[in-house]
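Owing to the predicted nature of the structure, the values given are computational and were not obtained by experimental measurement. These values consider heavy atoms only, across backbone and side chains, with no hydrogens, waters or symmetry-generated copies.
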Amino acid sequence: MLNYIWSGMLFLGIIWGAFHGRLAQVTEGALNAAGEAVTLSITMLGIVVFWNGILEIGSRAGLVEQLSEKMRPALKFLFPDLPPDCEAARQICVNFIANILGLGWAATPYGLKAMAALREWQKENGETGNVASTEMCTFLIMNISSLQLIPVNIIAYRSQYHSTSPAAVTGPCFAATMVSTLAAVIFCKIMDHLRNPT
């Protein structure tokens with residue numbers, strides 16, 4: 001669907017530029033934007049690789065296990081049926097840690113691993129079919145709400161475009177993600193109660 005939307009926007013832009021005699025400006029704008037996109041992609045790639053490396057070092061050094069231990073009460077609250085020492089719980093913890101540090105792109109691989117581990121745990125418990133489990137839905141909602149202490153990616157974007165104060169968004173981002181995470185927790189608990197009223 002997105003392919004059609006982007007293609008349509010590009011097509012309309014070219015037609016509009018040709019109709020108003022500004023095809024040269026459209027071409028120049030497209031080339032400039034393409035150059036900026038490549039530069040930004042290289043910058044963000046460096047940030048993603050760096051923080052993925054930091055997370056991997058932390059994981060191998062046992063830091064992730066220590067942080068996961070600290071997060072067990074929160075995991076038990078959010079995922080009451082999920083064993084705290086299973087692989088799914090570990091991947092969820094790493095994903096949450098990456099999101100809290102504002103590393104949304106670095107959190108994505110761990111989010112995918114967490115979903116795969118939740119699927120395996122679902123099969124081990126005899127649940128078959130293509131229906132997402134309660135734990136999968138809860139994890140997806142919590143991942144989307146994405147509590148962030150330091151919005152590293154946004155700060156990197158602002159630095160790339162020469163903001164005078166790239167970190168000025170830290171407070172508003174923290175407040176916004178705190179509200180979204182609180183709303184996600186409340187929603188998940190209400191849905192759990194509706195599914196299991198006992």
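Following chains of ILVMFWY side-chain contacts shorter than 4.5 Å, one cannot reach L12 starting from M9, and the two form parts of different hydrophobic clusters. Follow the hydrophobic side-chain contacts under 4.5 Å out from V179 and you never reach L149; the two are in separate clusters. Residues I141 and L194 share a single hydrophobic cluster, defined by chaining ILVMFWY side chains whose heavy atoms lie under 4.5 Å apart. In the hydrophobic clustering of this structure, I57 does not group with Y110; members are Ile, Leu, Val, Met, Phe, Trp, Tyr whose side-chain heavy atoms approach within less than 4.5 Å, directly or through other members. Grouping the Ile, Leu, Val, Met, Phe, Trp and Tyr side chains by contacts below 4.5 angstrom, directly or via other members, places I97 apart from L112.
Open room surrounds CZ on R22; 12 or fewer heavy atoms of other groups in view lie less than 6.0 Å from it.
Of all heavy-atom pairs spanning P151 and V169, the tightest one is CG-CG2, 4.2 Å. The two residues M136 and M115 come nearest to each other via the heavy atoms O-CE, 3.4 Å. When all heavy atoms of L75 and C93 are compared, the pair lying nearest together is CD1-SG, 3.1 Å. A pairwise comparison of heavy atoms in F174 and Q148 identifies CD1-O, 3.3 Å as the closest pair.
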message: Test side chain to side chain contact (heavy atoms under 4.5 Å, CB included) on L78 and C188; report intermediate values, then the result.
response: CA-CA 8 Å; L78 292 170; C188 289; 5.6 Å; no
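If you take CG on L118 and OG1 on T134, they are separated by 11.0 Å, rounding to the nearest 0.5 Å. Distance SG/C86 to CD/E120: 12.0 Å, rounded to 0.5 Å. A distance of 9.0 Å separates OG1 in T138 from CD1 in I92, rounded to the nearest 0.5 Å. Remark: K76 NZ to D81 CG distance equals 7.5 Å, nearest 0.5 Å. Atom CZ of F79 is separated from atom CZ of F139 by 7.0 Å, given to the nearest 0.5 angstrom. Going from atom CZ of F96 over to atom CG of L147 covers 10.0 Å, rounded to the nearest 0.5 Å.
For the side chain to side chain donor-acceptor pair (under 3.5 Å) condition, the pairs that include at least one residue of residues 163-177, sequence neighbours left out, are R158-S163.
In this structure, the side chain of S145 engages the main chain of M142 through a donor-acceptor pair within 3.5 Å. Side-chain N or O atoms of K189 include none that pairs as donor or acceptor with a backbone N or O of A184 at under 3.5 Å.
V38 belongs to a hydrophobic cluster whose remaining members, ordered by chain and number, are I42; membership requires side-chain heavy atoms of ILVMFWY residues under 4.5 Å apart, directly or through intermediates.
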